[in-house]
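Quick notes on the structure that follows.
Computed over heavy atoms, backbone and side chain alike; hydrogens, waters and symmetry mates excluded.
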Amino acid sequence: MKARTMFGALRLVTAAVCLTALVHRLFWGLSSQTIAGRNFFAYLTVESNCALVALLVIGGIIAFRRDDDPRWFSVALSLVLTWTITAGLAFALIVWQAGIRGIRVDVPWSDQVLHFWLPALTAIAWTLTPGHRSVPWWIIPGSLVFPLVWGGVTMWRGPMIGWYPYYFLDLRQVSGIGEFLITSGLALTIFALIATVLAVISRVSPSRRMAGTARGT
């Protein structure tokens, strides 16, 4: 089996796992009968993973039909990976801080898959998948567009429904505007750092070097 075919199948399997985890998390949240459960699609993690499912399905089909990925796909996947990886890191921080404060946070298997396993495995695949393209440096500022728009909508909507998907966006749950700005700035910095790492990897990964060698022979 060609490596591209194998990775194409892997992309489709990953999309199926991600979709299964999203569905489980949706119904798990609805069963809690809370405002958080009813606002499932308000989470950045959920929105970015929905985009990941769509891209992985498209990427799987592309891998079956082509020896390399079109540049637009590599750019789109790098952006979505930036969002899912950063969301996973933020979730890990929230769970850690909740444990320190003695606050119970239930983490079902679907949350573990969406926040930890899928971002990690997809990032590894980003390095190893043959035929992916290098991505431009503008993905670094570009990766901030979606979080900023999402954050703006969340801050506008939060006061109307009395709920925010992440505690650090709620001024009632932080020490003040200073902590809000510092935490939000830190989150945006992490988005930019992850995008930078992915841009570098897209240029130096072993799979890219091997593909270049194959084209030159």
Side-chain angles (χ1 to χ4, degrees), residues 18-19 21-55 75-101 103-108 110-116 118-119 122 138-196 198:
C18 187
L19 181 60
L22 284 168
V23 172
H24 176 271
R25 183 59 179 80
L26 169 62
F27 286 100
W28 184 85
L30 291 174
S31 68
S32 67
Q33 298 294 320
T34 63
I35 190 171
R38 296 192 298 272
N39 283 274
F40 174 74
F41 289 101
Y43 288 95
L44 187 145
T45 301
V46 171
E47 295 178 10
S48 59
N49 273 285
C50 286
L52 181 62
V53 170
L55 272 180
V75 169
L77 185 58
S78 68
L79 291 173
V80 172
L81 277 179
T82 297
W83 304 330
T84 57
I85 292 171
T86 305
L89 293 174
F91 183 74
L93 179 61
I94 290 171
V95 173
W96 174 67
Q97 288 188 333
I100 291 177
R101 299 176 182 181
I103 301 173
R104 176 180 172 180
V105 176
D106 294 323
V107 184
S110 50
D111 261 337
Q112 297 179 38
V113 168
L114 294 171
H115 289 98
F116 306 136
L118 277 178
T122 312
W138 64 255
I139 72 160
I140 300 170
S143 68
L144 304 181
V145 174
F146 170 59
L148 286 171
V149 172
W150 175 87
V153 173
T154 298
M155 297 305 294
W156 166 76
R157 185 171 179 265
M160 293 191 295
I161 64 174
W163 176 84
Y164 298 78
Y166 304 104
Y167 80 91
F168 56 83
L169 298 176
D170 188 350
L171 293 176
R172 300 169 301 179
Q173 299 188 57
V174 296
S175 59
I177 189 67
E179 183 179 351
F180 164 78
L181 292 175
I182 291 173
T183 306
S184 300
L186 178 61
L188 291 174
T189 300
I190 296 174
F191 278 110
L193 288 174
I194 296 297
T196 301
L198 292 177

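Between Asn49 and Val80 there is no side-chain heavy-atom pair separated by less than 4.5 Å. Side-chain contact between Pro165 and Leu44 is absent, with no heavy atoms from C-beta onward closer than 4.5 Å. Counting heavy atoms from C-beta on, the side chains of Tyr167 and Asp170 never come closer than 4.5 Å. When side chains are defined from C-beta on, Phe40 does not count as touching Leu30, because their heavy atoms never get closer than 4.5 Å. The side-chain heavy atoms of Cys18 and Leu114, taken from C-beta on, include a pair separated by under 4.5 Å. Side chains of Asp111 and Thr45 form no contact here, defined as non-hydrogen atoms less than 4.5 Å apart.
Residues forming a side chain to side chain donor-acceptor pair (under 3.5 Å) with Thr196 (at least two apart in sequence, or on another chain): none. Annotation: side chain to side chain contact (heavy atoms under 4.5 Å, CB included) contacts of Thr86 (sequence neighbours excluded): Thr82, Ile190, Phe191, Ile194. Residues passing the side chain to side chain donor-acceptor pair (under 3.5 Å) test with Arg38, sequence neighbours excluded: none. Residues satisfying the side chain to side chain donor-acceptor pair (under 3.5 Å) test with Ser175, not counting sequence neighbours, are Glu179. Residues satisfying the side chain to side chain donor-acceptor pair (under 3.5 Å) criterion with Thr122, sequence neighbours excluded, are absent altogether.
In terms of heavy atoms, Phe41 sits closest to Glu47 at O-OE2, 2.7 Å. Closest of all the heavy-atom pairs between Trp163 and Ala42 is CZ3-CB, 3.9 Å. When all heavy atoms of Gly162 and Arg172 are compared, the closest pair comes out as O-NH2, 3.3 Å. Between Phe116 and Gly88 the shortest heavy-atom distance is CE2-O, 3.7 Å.
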Inset, instruction - Would you please test Leu52 and Leu77 for side chain to side chain contact (heavy atoms under 4.5 Å, CB included) and show each step? - result: CA-CA 8 Å; Leu52 181 62; Leu77 185 58; 4.0 Å; yes
Inset, instruction - Apply side chain to side chain contact (heavy atoms under 4.5 Å, CB included) to the pair Val149 and Phe146, showing each step before the final yes or no. - result: CA-CA 5 Å; Val149 172; Phe146 170 59; 5.5 Å; no
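In this structure, Trp83 has its ring center at least 6.0 angstrom away from the ring center of Tyr43.
To the nearest 0.5 Å, atoms CG (Leu89) and OG1 (Thr84) are separated by 9.5 Å. In this structure, OG1 on Thr189 lies 11.5 Å from CD1 on Ile182, to the nearest 0.5 angstrom. Atom CG in Leu79 sits 11.5 Å away from atom OG in Ser48 (nearest 0.5 Å). Taking CG of Leu144 as the start and CD1 of Ile139 as the end, the distance is 10.5 Å to the nearest 0.5 Å. Residue Tyr166 holds its OH atom at 14.5 Å from OG1 of Thr183, rounded to the nearest 0.5 Å. Annotation: the span from Leu22 atom CG to His24 atom NE2 amounts to 11.5 Å, rounded to 0.5 Å.
Not a single donor-acceptor pair under 3.5 Å links the side chain of Ser184 to the backbone N or O of Leu181.
Within the structure, the side chain to side chain donor-acceptor pair (under 3.5 Å) test picks out the following pairs touching residues 138-159 (sequence neighbours left out): Asn39-Arg157.
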